[in-house]
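In what follows, chains carry the letters A, B, and so on, assigned in the order in which the sequence lines appear, proteins first and then strands, with residues in each chain numbered from 1. Side-chain atoms are counted along with the backbone in the values below, which use heavy atoms only and exclude waters and symmetry mates.
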Amino acid sequence: MRFILRRLGFYLIAFWASITLNFLLPRFMPGDPVSRMFARSQDRMQPEQIEALRKLLGVDDRPIWEQYINYMQNIFTGQMGVSISRFPTPVTEVISSQIGWTLLLGGTALVIAAVVGNLLGILAAWRRGGAIDSALPPVLVFIGSFPYFWLAMGALYLFGVVLGWFPIRHAFTDGLEPAYTWEFIGDVGAHLVLPALTIVLVSIGGWMLGMRNTMIATNSEDYITMAEAKGLRPGRIMLRYAARNAMLPSVTSFGMGLGFVVGGALLTEVVFAYPGVGYQLLNAVQGLDYPLMQGLFLTITAAVLLANFLVDILYVRLDPRVRSN
Amino acid sequence: MTTALLKQPTPTPAVRKPNRSFVHGLISNKKALTGMAVMVIFIALALLAPVLFPGDPSRITAMASLEPSAEHWLGTTAKGQDVLALTVHGSRSSLFVGLTVGLASTFIGILVGLASAYFGKFIDEALSLVTNVFLLLPGLPLLVILAAFLPPGLGTVILVLVVTGWAGSARVLRSQALSIRSKDFVAAAVVSGERAGRIMFREILPNMASIVMGTLLACVIYGIGAQAGLEFLGLGDVSTVSWGNNLFWAGNEGALLTGSWWVFVPSGVCIALVAFALALINYAVDEVTNPRLRKIKTPKTTPAKVERSAAK
């Protein structure tokens, strides 16, 4: 329990740091964001909105600590302002309509990559020098060396443009009404294949090598020799004895991976024009939509922190050593 | 033979010996050699770019969207620029940024990691807190936000990449420094009244050479990849020629949809080759320093097991 409270305290500090960063960036960066925004969208912005924006972004004349307190109050009451590029939709509404797509894409890719990668790692370490162990790592490391947006472009070109097997943009066919019908779910699935595949391809090597290397360390432990001496079936020793104890670093990576889910699919989302928060973040940046930009960054950070906290709690369940200190 | 063994001074905390075998191990390692050969070729290309392709590589010299031919080995872009010239010149900015980012993040990582491990207590708590917060902040979105607020340019790209990239190296180096901090020869140095800076940089740091090198390589890979990503999003300085910008223009000019694969393939392959070469060297460093990961010739009894049972 003390461990969890300590971690909670840490995540609160991290969240406070990101809020403060968000607060400080527009104030200390060169140029006046409001003027830049105004120049871009004159026809859409009313003078009172500019005033409101100046207040939100803190470019008014109040002392900085007063702005800071006001800013914190707004964050905790869920007031992130109004999006400029999608005026007059509130930022929170824009984000909530898009985060689901990101979770779907990143989550699917993460689970597939982690499960397949770890299994491959277990097998590779168990059969040291075998076919999987000697052939796969170099290939996967080489694939993992490509920038993943580049692989995404390649997959889009090959399977989307040339072969035409999969749709090349958006999360579902234009004009289709989102509903829980098989037709719609199938359509979403087809749109998910290429973006998810590229993320899996790039990240699977890391999972495999990480698992392989911890497994090799576990394999030389005495209790494995003991289990072998007892004459247990190799499959049982591999999974229940060796892999189970080598899993812990993978759990941590999974936590970090959850962070990647929300923020890391950004480039893939951009290549496939997938309507997630990453794609939206780039649009916000290009459209100088500062309120949306900040709202997105805070949401992504909050999601990352929450995911990591959940993994920490899980970790306490899995590893009793953590509880004792 | 025995006399020679006896003559050797027994406890050698000195750094020389492990280092020499480390360099020797690297040179006789196939992965390391392949990686270094690829890197030498790329560095040579980057240095020779102005000689091989004199003048501005982004000037328009031919018809638009030409397929690879004898005249334009890698074809031309939708604007009519020579793709080969763009790719060769692109290596300059990409390698420079990667190297600078790698060196700077590793340097910060060394400072933070060593200070954390050496001083411990409050300083360690504070530095670790900052490191962990930076590790958790989602890198790519932070990269995008920072790049959006700062004026575009090479300096911005480097600054942004270092800000988001140093924390990982600090964490790795701290844990290594911690384990060396607890060794006897460090305690001896402390007791004999050595200055903190001397102990950190002359006693602890040299013993971390291999992990520092591994961190540096990983940071360079990160720098090259992240720069490409940032520029691909159009957040770099789009007027310079680099692999990331080449890909940005390829995407912008619809190279994919018109089927001009030769425009986006070369820069991506170059990034991958450099990253792979550095990764190979990195794995070689791991293998040389961690005997457990080395290829075993007789799989019957692992050396680790024999050692363990012998030790009992």
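In this structure, Tyr148(A) and Leu140(B) approach most closely via the heavy-atom pair OH-CD2, 3.7 Å. Across every non-hydrogen atom of Ala148(B) and Val285(A), the tightest pair is CB-CG1, 3.4 Å. The minimum heavy-atom distance between Pro147(A) and Gly268(B), with the atom names listed, is CD-O, 4.2 Å.
Separation of atoms CG (Leu305(A)) and CG (Leu136(B)) is listed at 5.5 Å; rounding is to 0.5 Å. Here OG1 of Thr258(B) is found 8.0 Å from OH of Tyr157(A). Values are rounded to the nearest 0.5 Å.
Judged as a salt bridge (charged side-chain N to carboxylate O under 4.0 Å, His left out), and not counting sequence neighbours, the contacts of Arg174(B) are Asp124(B).
Comparing Gly229(B), Ser267(B), Gly225(B) by how many heavy-atom pairs each has under 4.5 Å with chain A, the most go to Gly229(B). In terms of non-hydrogen atom pairs under 4.5 Å with chain B, the most contact-rich of Asn22(A), Val141(A), Val271(A) is Val141(A). Most heavy-atom pairs under 4.5 Å with chain A, from the set Ile145(B), Leu137(B), Ile221(B): that is Ile145(B).
For the pair Phe10(A) and Val133(B), the minimum side-chain heavy-atom distance is below 4.5 Å. Looking at heavy atoms from C-beta onward, Thr301(A) lies in side-chain contact with Pro138(B) at the 4.5 angstrom threshold.
Taking 4.5 Å as the heavy-atom cut-off, the residues of residues 233-245 of chain B that approach chain A are Leu233(B), Leu235(B), ordered by number. Taking 4.5 Å as the heavy-atom cut-off, the residues of residues 271-281 of chain B that approach chain A are Ile271(B), Ala272(B), Leu273(B), Ala275(B), Phe276(B), Ala279(B), ordered by number.
Only the side chain of Leu21(A) has a heavy atom closer than 4.5 Å to any heavy atom of chain B. Proximity to chain B involves both the backbone and the side chain of Phe142(A), based on heavy atoms less than 4.5 angstrom apart. Contacts between Val270(A) and chain B at a heavy-atom distance below 4.5 Å involve the side chain alone, from C-beta outward. Neither the backbone nor the side chain of Leu151(A) comes within contact range of chain B, judged by heavy atoms closer than 4.5 Å. Looking at Tyr283(B), only its side chain comes within 4.5 Å of chain A, counting heavy atoms on both sides. Using a 4.5 Å cut-off between heavy atoms, Val130(B) makes no contact with chain A at all. Contacts between Val162(A) and chain B at a heavy-atom distance below 4.5 Å are absent for every atom of the residue. Of the two parts of Phe15(A), neither the backbone nor the side chain holds a non-hydrogen atom closer than 4.5 Å to a non-hydrogen atom of chain B.
Identified under the salt bridge (Lys or Arg N to Asp or Glu O under 4.0 Å) test for residues 215-225 of chain B, with sequence neighbours left out: none.
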* Using the side-chain contact (heavy atoms from CB on, under 4.5 Å) rule, take Phe149(B) and Met293(A) through it: C-alpha gap first, then chi angles, then the decisive distance, then the call. => CA-CA 11 Å; Phe149(B) 276 112; Met293(A) 212 156 94; 3.7 Å; yes
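The backbone N or O of Phe264(B) lies less than 3.5 Å from a partner atom in the side chain of Trp150(A), making a donor-acceptor pair.
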